[in-house]
Amino acid sequence: MKTIKDINVDGKRVFIRCDFNVPKDEDGNITDDRRIREALPTIKYCLDRDCKVILASHYERPKAGVFEEKYSLKPVKMRLRKMLKLADEVSIAKDVIGEDAKEKVANLKAGEVLILENLRFEAGETKNDEAFAKELASFADIYINDAFGACHRKHASIYAMAQQFEPENRACGFLMNKEVNFFEKVINNPVRPFVAVVGGSKVSGKLEALISLVEKVDKIVIGGGMAFTFLKAQGHEIGKSLVEEDLLEDARNIMLRARERGVKFYLPVDLVVADKFSDVANTKNVTFQEIPQSWMGLDIGPASSILFRQAIQDAHTIVWNGPMGVYEMDAFAKGSLKMSHAIAETHATSIVGGGDTADVVQRAGDIEEMTFVSTGGGASLELIEGKVLPGVEVLL
Ligand code: AMP
C-alpha cells in the first residue's frame, strides 16, 4: 500500500478521508478526541506542503437526506481548530457535495482546511454509489484514506471514490498505515507466548475472529457476556445470563480446537451476578457452578481476575478486544478495569482494539501503558480474522 509519503502532494488539493466518529455526551461534547488527534500527522503533513486540504468523515448513523444538527461535524471543526492552532483557516461546509461545499472548495486557498459535512447525510455514501463518489472526487487532485476505523466498509468515500484516482494520486495516510502494519505484524508474526483476551457482549460478533485466533495464539481468555455461551456449552447452568443458543455448537468446536492445538482456554471461575440489568440491582459473587436460576452474570468475579492476571503474566504479545463485564455500570466495571491494569502491568506488546475496550483502558488510566490502542474496532477484528479490508484492497 502506498503511503502519502510515496506520492507528490505539494500545493495540490488533497482529499483526506478521516474517521471523526468520536464519542459525544448528551450535551454534544466530545468525550474522547483520540480519533481527531490521530489524524493530525497526515493533516499537518499536507498543510506543511501548502496543500488545500479537504477533510471528510461519517458521524454515527443519520437518516440520509436529512440534516440533523446532532450528527453535524461542527464540534469536530472546533476541536480541530484548537489542535491545529488555526482559526479562520479551518472551516466547514453546510453540506457534502451541495452548493455550499462546491463554493467553499472552489475558494479554498493553500494552507486552509475545509471539512465537508457528515458523509452519511448523502444516501450514496453507504451505497458505495459511483455518481456520488465522482462528485466527491471532483473536489481534489489527490485521495488519501486515513480512516482506519471505516476501512472495513465498502462505502463510497472508502472504495468507489479511491477508484476515481490514478494509482499515483491515491494513498493511505499515516494513521491507517500504522494500524494496518501493526496488526499484520502482530497477527502474522507474534512474539510468543501470544495471548488473546476476548470479551464483550456476544460470541456472534467475534465468532470469525475467535476461529482465526484459536489457530494462532497460545492462550485464550474469555470474559464478558460471551463467556456464558461457552459455560453453557460445557453444560453449566447460567441463569438469565446472556446466551446465544444457536452458537453452542460453535463454542464447543472452538474449545475442541483449542484442546487439539494445545491452546490454553480460560473461562471465568466466578462471576458477579445481579437480579436485574441495572446499576442498582442486588448483586453477589458466586462461582460458575452456582449462578442462581433467575439471576444474570454481569461481570467476572475477583477469583477470575486473579486467574486471568496470572494467565497473561508470561505473555509477550496480548491482543485485547471486548470488556469483561457491563463496565458502563459501576457495579460491574471492576473486572474490566482489573483486566486493563493486569495487561498494563505486563511487559508484553499489548494491542487494544474496539471502542468499548479503548474506553475501559482510558477509564482505568492505562492508555499510556498499552503499546497500541487501535482507533478501529470492527476493522481491527476483520484484520484479526485475516480479511483484506475494502479500504486497503482498493489502494493495493
Ligand atoms: P462488544 O461490542 O461485543 O465488544 O460488547 C461490548 C458490550 O458488552 C459492552 O457494552 C458491555 O456492557 C457488554 N457486556 C459485557 N459483559 C456483559 C455481560 N456479562 N452481559 C451483558 N452485556 C455485557
Side-chain angles (χ1 to χ4, degrees), residues 21 23 31-32 60-61 149 152 196-211 213 220-233 236-245 247 250-251 254 266-281 283-288 290-292 294-302 304-305 308 319-340 343 351-364 373-385:
N21 194 17
T31 51
D32 179 6
E60 292 188 346
R61 293 165 193 267
H152 57 309
V197 180
V198 189
S201 55
K202 291 179 175 173
V203 178
S204 49
K206 290 169 192 166
L207 183 62
E208 297 292 321
L210 284 167
I211 291 171
L213 281 169
I220 296 187
V221 174
I222 304 272
M226 70 161 63
F228 299 99
T229 299
F230 286 96
L231 287 172
K232 177 134 195 202
H236 299 294
E237 177 57 54
I238 53 152
K240 286 218 172 92
S241 309
L242 201 66
V243 66
E244 289 166 289
E245 299 280 351
L247 293 184
D250 290 287
I254 290 169
Y266 295 81
L267 285 169
V269 290
D270 64 341
L271 300 136
V272 181
V273 293
D275 59 354
K276 56 177 183 263
F277 190 84
S278 157
D279 215 358
V280 292
T283 65
K284 51 186 174 186
N285 293 354
V286 297
T287 69
F288 68 97
E290 299 172 322
I291 304 175
S294 56
W295 291 51
M296 60 188 84
L298 295 182
D299 196 10
I300 59 169
S304 306
S305 289
F308 290 178
V319 171
W320 182 20
N321 191 307
M324 298 288 103
V326 184
Y327 76 98
E328 298 93 332
M329 300 183 198
D330 285 345
F332 315 109
K334 225 170 194 152
S336 300
L337 296 176
K338 285 198 168 177
M339 192 75 235
S340 174
I343 294 176
I351 302 103
V352 178
D356 284 323
T357 323
D359 195 21
V360 169
V361 172
Q362 169 116 352
R363 290 183 195 204
V373 180
S374 175
T375 55
S380 63
L381 269 181
E382 290 199 10
L383 282 184
I384 290 173
E385 288 162 19

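Index from 1, following the sequence. Start at 1 and go down the list; that is how both ligands and their atoms are numbered.
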So is [X] touching ligand 1 or not, going by heavy atoms under 4.0 Å?
| X | result |
| --- | --- |
| Gly325 | yes |
| Lys206 | yes |
| Phe228 | yes |
| Gly297 | yes |

Ignoring hydrogens, what is the shortest heavy-atom contact between [X] and [Y]? Give both atom names and the distance.
| X | Y | result |
| --- | --- | --- |
| Pro268 | Leu271 | CB-CD2, 4.0 Å |
| Val360 | Pro323 | CG2-CB, 4.1 Å |
| Asn321 | Ser380 | ND2-OG, 4.3 Å |
| Ala281 | Asp275 | CB-OD1, 3.4 Å |
| Met324 | Asp299 | O-OD1, 3.6 Å |
| Val272 | Ala331 | CG1-O, 4.5 Å |

Q) Are Met296 and Phe228 side-chain neighbours, meaning at least one heavy-atom pair lies under 4.5 Å? A) no
(Q) Is any side-chain heavy atom of Leu210 closer than 4.5 Å to one of Val198? (A) yes
Provide, to 0.1 Å, the distance between [atom] and the closest protein heavy atom, together with that atom's residue and name.
| atom | answer |
| --- | --- |
| atom 12 (O) of ligand 1 | Glu328 OE1, 2.6 Å |
| atom 6 (C) of ligand 1 | Asp356 OD2, 3.1 Å |
| atom 17 (C) of ligand 1 | Gly225 N, 3.3 Å |
| atom 22 (N) of ligand 1 | Val326 CG2, 3.6 Å |
| atom 8 (O) of ligand 1 | Ser201 N, 3.1 Å |

Q) In terms of atom number and element, which parts of ligand 1 are under 4.0 angstrom from non-hydrogen atoms of Gly224? A) 16 (N), 19 (N)
Q) Less than 3.5 Å between some nitrogen or oxygen of Met324 and one of ligand 1, yes or no? A)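 No - when backbone and side-chain N and O of Met324 are compared with those of ligand 1, no distance drops under 3.5 Å.
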